Amino acid sequence: MNKAMNNFTDDIDGFINIMGNLKEAKESVITGNEYTGVRDTFTEYYNQLQDKLEDIFTNFSDDQHDMLNKEVENYICRRLYPKLYPSEPIDRDTKFYNRCLLLEWLNYQHLDIPVKFRKTELWDYAVETFQKTDARITPLDKLKVFVETFKIITQVTELASQKGPSGSDETVPLVIYIVLRAKPKRMYSNLHFINSLRDS
């Protein structure tokens, strides 16, 4: 088993070195273009790693394998972060941030957000949550911030309306409101990083 694990870790280190220096991988994160097939490469590699882990840890349950697979994916992405994630905001980041600054005067009324949903303190929490995206390193952790932000939106709207799940007519204006208030500085860098490296 020790030999198998040594081969496994050597294989991962080799993959990280190759992908971290691959021009197409860097371009994929910067431009968001998928023509390079970078995401497919990551997905195929993750699938191969899962098969190898199942062969090494034959006594693990499905839940344990899932947890192990996520940890390995996070490890790879943490190592690739300084190699692939842009050190400075890309052009689309800057344009998006400047657009948010231009539109920060928009309020509840301008976005036709019903009075029952004007829960400023709760939306402040959603804004603070969303602003944590830039500080997260792995695609999975960045994605979790997006999901957590949307959960706050849906939970607050359901509580305020005292009915079932809210529709897009109610949630979309709130998403716009929160994003404008959060004024993310690396919006597209984060989206591209998630799309390029996250196991589909």
Side-chain angles (χ1 to χ4, degrees), residues 20 25-34 36 38-39 42 70 73-74 76-161 165-200:
K26 295 178 180 179
E27 288 182 351
S28 178
V29 176
I30 292 173
T31 65
N33 293 331
E34 187 48 30
T36 56
V38 171
R39 184 176 184 181
F42 275 99
K70 288 179 181 178
E73 179 184 338
N74 277 337
I76 293 172
C77 292
R78 280 195 296 269
R79 291 274 306 277
L80 285 172
Y81 180 84
K83 298 175 181 290
L84 298 182
Y85 191 80
S87 58
E88 299 292 335
I90 61 176
D91 185 56
R92 295 181 77 183
D93 288 333
T94 303
K95 288 180 179 179
F96 189 85
Y97 174 71
N98 289 335
R99 181 61 60 88
C100 288
L101 291 178
L102 288 173
L103 297 175
E104 64 180 347
W105 54 271
L106 292 174
N107 57 31
Y108 293 126
Q109 290 86 352
H110 297 120
L111 295 170
D112 291 328
I113 295 174
V115 174
K116 63 183 178 181
F117 293 148
R118 297 176 187 181
K119 312 289 184 181
T120 302
E121 290 186 1
L122 294 175
W123 300 139
D124 285 345
Y125 176 60
V127 169
E128 291 173 2
T129 298
F130 191 71
Q131 288 174 333
K132 295 176 182 177
T133 312
D134 289 354
R136 298 296 185 262
I137 293 178
T138 70
L140 180 58
D141 288 340
K142 289 179 181 294
L143 187 60
K144 283 180 179 178
V145 174
F146 289 158
V147 172
E148 182 61 28
T149 303
F150 192 74
K151 278 185 179 179
I152 295 170
I153 295 172
T154 56
Q155 289 171 355
V156 172
T157 53
E158 288 175 16
L159 182 64
S161 61
S166 303
S168 59
D169 290 343
E170 295 175 333
T171 56
V172 170
L174 289 167
V175 170
I176 295 172
Y177 174 78
I178 289 168
V179 171
L180 288 177
R181 289 194 56 203
K183 294 184 281 292
K185 295 182 178 180
R186 308 296 298 272
M187 186 69 174
Y188 280 95
S189 289
N190 290 326
L191 290 174
H192 296 170
F193 193 62
I194 292 170
N195 186 60
S196 295
L197 273 70
R198 180 75 181 103
D199 179 17
S200 59

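Just so we're clear, the structure is a prediction, and the values are computed from it rather than from any experiment.
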Review point. For residues 127-137, which residue pairs qualify under side-chain hydrogen bond (donor to acceptor under 3.5 Å, both in side chains), counting only residues two or more places apart or in two chains?
Key: Asp134-Asn190

**Study point:** Side chain to side chain, Glu170 and Glu158, heavy atoms closer than 4.5 Å
**Key:** no

**Study point:** Check: Arg186 side chain, Pro86 main-chain N or O, donor-acceptor pair, under 3.5 Å
**Key:** yes

Practice item. Decide yes or no on side chain to side chain contact (heavy atoms under 4.5 Å, CB included) for Ile153 and Trp123, but give the supporting numbers first. Key: CA-CA 8 Å; Ile153 295 172; Trp123 300 139; 4.1 Å; yes

Revision key, fill the gap. Salt bridge (Lys or Arg N to Asp or Glu O under 4.0 Å) filter on Glu104, not counting sequence neighbours, yields Lys183

Review point. What's the verdict on side chain to side chain contact (heavy atoms under 4.5 Å, CB included) for Leu197 and Val29, showing C-alpha distance, side-chain angles and the deciding distance?
Key: CA-CA 9 Å; Leu197 273 70; Val29 176; 4.2 Å; yes

Practice item. Taking salt bridge (Lys or Arg N to Asp or Glu O under 4.0 Å) as the test, write out the residues that go with Asp124, two or more places apart. Key: Arg181

Practice item. Show your reasoning for whether side-chain hydrogen bond (donor to acceptor under 3.5 Å, both in side chains) applies to His192 and Asn195. Key: CA-CA 5 Å; His192 296 170; Asn195 186 60; over 6 Å; no

Check your understanding: Would Leu80 and Phe193 satisfy side chain to side chain contact (heavy atoms under 4.5 Å, CB included), going step by step from the backbone distance to the final call?
Key -> CA-CA 10 Å; Leu80 285 172; Phe193 193 62; 5.6 Å; no

Check your understanding: Below 4.5 Å, heavy atoms only, C-beta onward: do Arg118 and Val115 meet side chain to side chain?
Key -> yes

Check your understanding: What residues, two or more places apart in sequence or in another chain, satisfy salt bridge (Lys or Arg N to Asp or Glu O under 4.0 Å) together with Arg92?
Key -> none

Point to revise | Any residue meeting side-chain hydrogen bond (donor to acceptor under 3.5 Å, both in side chains) with Asn98, in chain and number order, not counting sequence neighbours | key: none

Review point. Okay, side chain of Arg99, backbone of Thr94: is any donor-acceptor separation there less than 3.5 Å?
Key: no

Practice item. Taking salt bridge (Lys or Arg N to Asp or Glu O under 4.0 Å) as the test, write out the residues that go with Lys95, two or more places apart. Key: Asp91

